[in-house]
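Structure, as structure tokens:
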Amino acid sequence: MTDVIHSKAYRLIEPGKFKETIIEHKVKEGEVVVQPILASICHADLRYYTGKRRKEALNQKLPMALFHEGIGEVVISKDEFIQVGQKVAIVPSIPGYRLEQKKKEDCCESCRRNVADNYCKTGVFLGSGYDGIGQEFLVLPSENVVPIPEKLKDEIAVLAELCSVSLHALNHLKEEDFHKGKIAVFGDGPVGYLTAAMLYHYFHIPKSQLLVFGAVEEKLNQFDFATVHLVNDFPFLEAKGVTVAIECTGGKFSESAINQAIDLLEPEGKLILMGVTEQRVPINTRDVLEKGLQLYGSSRSSSEDFKTLMQAFLNEDYQKTLSKLIPEKSIAIRNAEDLKKAMDEAAEHKGWKKTYLSFSWN
């Protein structure tokens with residue numbers, strides 16, 4: 001039996017402008033309805049809001065409800081394993097076969113080759129051309145919600161999406177890659193911080209073997225579990241022993257970070273690219289060839305990554321490290337005007353911590 005539910009949504013209709021509207025959702029067997037509780041603003045959300053995406057992308061994807069980092073409470077469940085009242089982390093990457101409720105092998109060419117769900121060619125992603133968490137009710141395949149352990153605070157659980165992207169990227173490595181030599185992370189923002197924190201707390205890379213490169217000393221001081229260096233002061237061509245590098249900068253700094261990593265890496269080293277940029281990035285292919293380097297691109301994550309994290313987050317030391325990104329308070333969102341003010345503030349915010357939105361739907 002298919003039910004119909006109406007969801008109040010704060011849709012971005014053009015850069016800087018939200019409109020409250022009602023979206024009609026159909027709820028099918030095997031799906032759940034989640035009411036968002038807490039969301040975190042991502043740089044991707046801000047690129048839409050401030051109009052920094054390419055014009056053709058804005059024209060194609062707007063109007064839409066933003067946000068893909070969030071948690072909520074199940075209010076309707078058509079899956080016997082998901083209970084009404086459960087708090088869940090929201091997995092924003094929905095492969096096409098789940099949307100259409102068919103077998104994976106009957107989906108797209110990528111799914112037939114059994115690639116990860118986040119690379120499905122017919123899939124959707126919340127807050128990227130598909131209405132995201134900024135609405136009263138989300139209708140999702142039950143596989144796209146992961147129960148949050150009762151002992152885990154909401155403020156930690158909402159970081160699951162960002163951390164899952166790091167976990168998915170690091171899973172490109174083999175077990176022996178974590179022990180061949182030093183591992184370097186490029187980027188002193190939240191993505192770099194969470195990637196380095198995962199290497200330290202989950203993959204158990206010691207501080208002496210974990211290098212972090214950044215441009216802002218105040219930010220690097222937060223990485224007390226790693227050996228940190230300012231990029232402008234480091235002799236990349238002279239350093240030895242780095243066999244894995246992860247680029248977490250994105251934007252205009254991608255070019256320098258990628259090429260510094262190429263300079264730094266030992267022969268047959270591995271470079272994982274995570275930073276998102278709107279422009280093509282020129283890289284030093286000569287040294288990629290001469291050193292026999294392997295480059296991996298990694299984007300988004302899957303439900304399995306979230307499940308792993310719900311258990312990893314129970315480590316209290318890991319929680320203390322993650323807590324450095326948590327704001328002192330979340331911003332209450334009761335209407336579209338509140339959301340606009342929050343986004344304006346976030347766009348001006350240059351500090352270290354994330355911005356959290358606490359939804360009130362009554």
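Note: hydrogens, waters and symmetry copies are ignored here, and every other heavy atom, side chains too, is used.
- In this structure, Pro149 and Met310 approach most closely via the heavy-atom pair CG-O, 3.6 Å.
- Aromatic ring centres of Tyr318 and Phe313 lie closer together than 6.0 Å.
- Side-chain atoms of Glu247 come within 3.5 Å of backbone N or O of Gly275 as a donor-acceptor pair.
- Atom OH of Tyr48 sits in a crowded spot, with more than 12 heavy atoms from other residues, nucleotides or ligands closer than 6.0 Å.
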Before giving the answer on salt bridge (Lys or Arg N to Asp or Glu O under 4.0 Å), spell out for Asp3 and Lys26 the whole-Å C-alpha distance, their side-chain angles and the decisive distance to 0.1 Å. CA-CA 6 Å; Asp3 296 334; Lys26 293 181 179 180; over 6 Å; no
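- Side-chain contact between Lys240 and Glu266 is present, with at least one heavy-atom pair separated by less than 4.5 Å.
- Remark: Glu290 engages Arg286 in a salt bridge, criterion side-chain N to carboxylate O under 4.0 Å.
- Between Lys340 and Glu337 no salt bridge is recorded (no basic side-chain N to carboxylate O distance below 4.0 Å).
- Considering all non-hydrogen atoms of both residues, Val88 and Ile148 come closest at C-CD1, 3.5 Å.
- Salt-bridge annotation for Lys320 and Glu316: absent, with no side-chain N of the basic residue lying under 4.0 Å from a carboxylate O of the acidic one.
- Remark: side-chain polar atoms of Asn259 are paired, donor with acceptor, to backbone N or O of Glu255 under 3.5 angstrom.
- Taking the side chain as every heavy atom from C-beta outward, Val84 and Val75 never approach each other to under 4.5 Å.
- Using a distance-only test at 3.5 Å, with no hydrogens or angles considered, no donor-acceptor pair links the side chain of Glu80 to the main chain of Ser77.
- Salt bridge Arg334/Asp338: present, at least one basic N to carboxylate O contact under 4.0 Å.
- Taking 4.0 Å as the cut-off between side-chain N and carboxylate O, Lys354 and Glu69 count as a salt-bridged pair.
- The minimum heavy-atom distance between Asp154 and Leu38, with the atom names listed, is O-CD2, 4.0 Å.
- For the pair Ser303 and Asp117, the minimum side-chain heavy-atom distance is 4.5 Å or more.
- The shortest side-chain heavy-atom distance between Ile326 and Lys353 does not fall under the 4.5 Å cut-off.
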Can you give the donor-acceptor pairs under 3.5 Å from side chains of residues 158-170 to other protein atoms, not counting sequence neighbours?
unit_1: Ser164; atom_1: OG; unit_2: Ala160; atom_2: O; d: 3.3
unit_1: Ser164; atom_1: OG; unit_2: Glu161; atom_2: O; d: 2.6
unit_1: Ser164; atom_1: OG; unit_2: Ser301; atom_2: OG; d: 2.6
unit_1: Ser166; atom_1: OG; unit_2: Thr195; atom_2: OG1; d: 2.8
unit_1: His168; atom_1: ND1; unit_2: Asp305; atom_2: OD2; d: 3.2
unit_1: His168; atom_1: NE2; unit_2: Asn118; atom_2: ND2; d: 3.2

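- A side-chain donor-acceptor contact under 3.5 Å links Asp344 and Tyr49.
- A cation-pi arrangement, defined by a distance under 6.0 Å to the six-membered ring centre and an angle within 45 degrees of its axis, is absent between Arg11 and Phe18.
- Look at Arg112 and Asp106 and you find no salt bridge, because none of the NZ, NE, NH1 or NH2 atoms lies under 4.0 Å from a carboxylate O.
- With hydrophobic clusters built from ILVMFWY side chains whose heavy atoms lie under 4.5 angstrom apart, Ile37 does not share a cluster with Val34.
- Contact detail for Phe306 and Ala89: the closest heavy-atom pair is CD2-CB, 3.9 Å.
- With ring centers used as reference points, Phe225 lies under 6.0 Å from Tyr193.
- In the displayed structure, Glu217 atom CD is contacted under 6.0 Å by at most 12 heavy atoms of other residues, nucleotides or ligands.
- Here the closest heavy-atom approach between residue Val191 and residue Cys248 is recorded as CG1-CB, 3.8 Å.
- Between Glu56 and Arg54 there is a salt bridge, with a side-chain nitrogen of the basic residue lying less than 4.0 Å from a carboxylate oxygen of the acidic one.
- Between Val288 and Asn284 there is no side-chain heavy-atom pair separated by less than 4.5 Å.
- Applying the side chain to side chain donor-acceptor pair (under 3.5 Å) test between His201 and each of Asp317, Asn315, Thr321 identifies Thr321 as the sole match.
- Ion pairing between Asp224 and Lys324 holds under the 4.0 Å rule for side-chain N and carboxylate O.
- Side-chain atoms of Thr227 and Val212, non-hydrogen and from C-beta on, never get closer than 4.5 Å to each other.
- Residues His25 and Phe137 keep their aromatic ring centres 6.0 Å or farther apart.
- Residues Ile272 and Leu295 are not in side-chain contact: their nearest non-hydrogen atoms beyond the backbone lie 4.5 Å or more apart.
- Remark: Lys182 NZ is loosely packed, at most 12 non-hydrogen atoms of other residues, nucleotides or ligands lying under 6.0 Å away.
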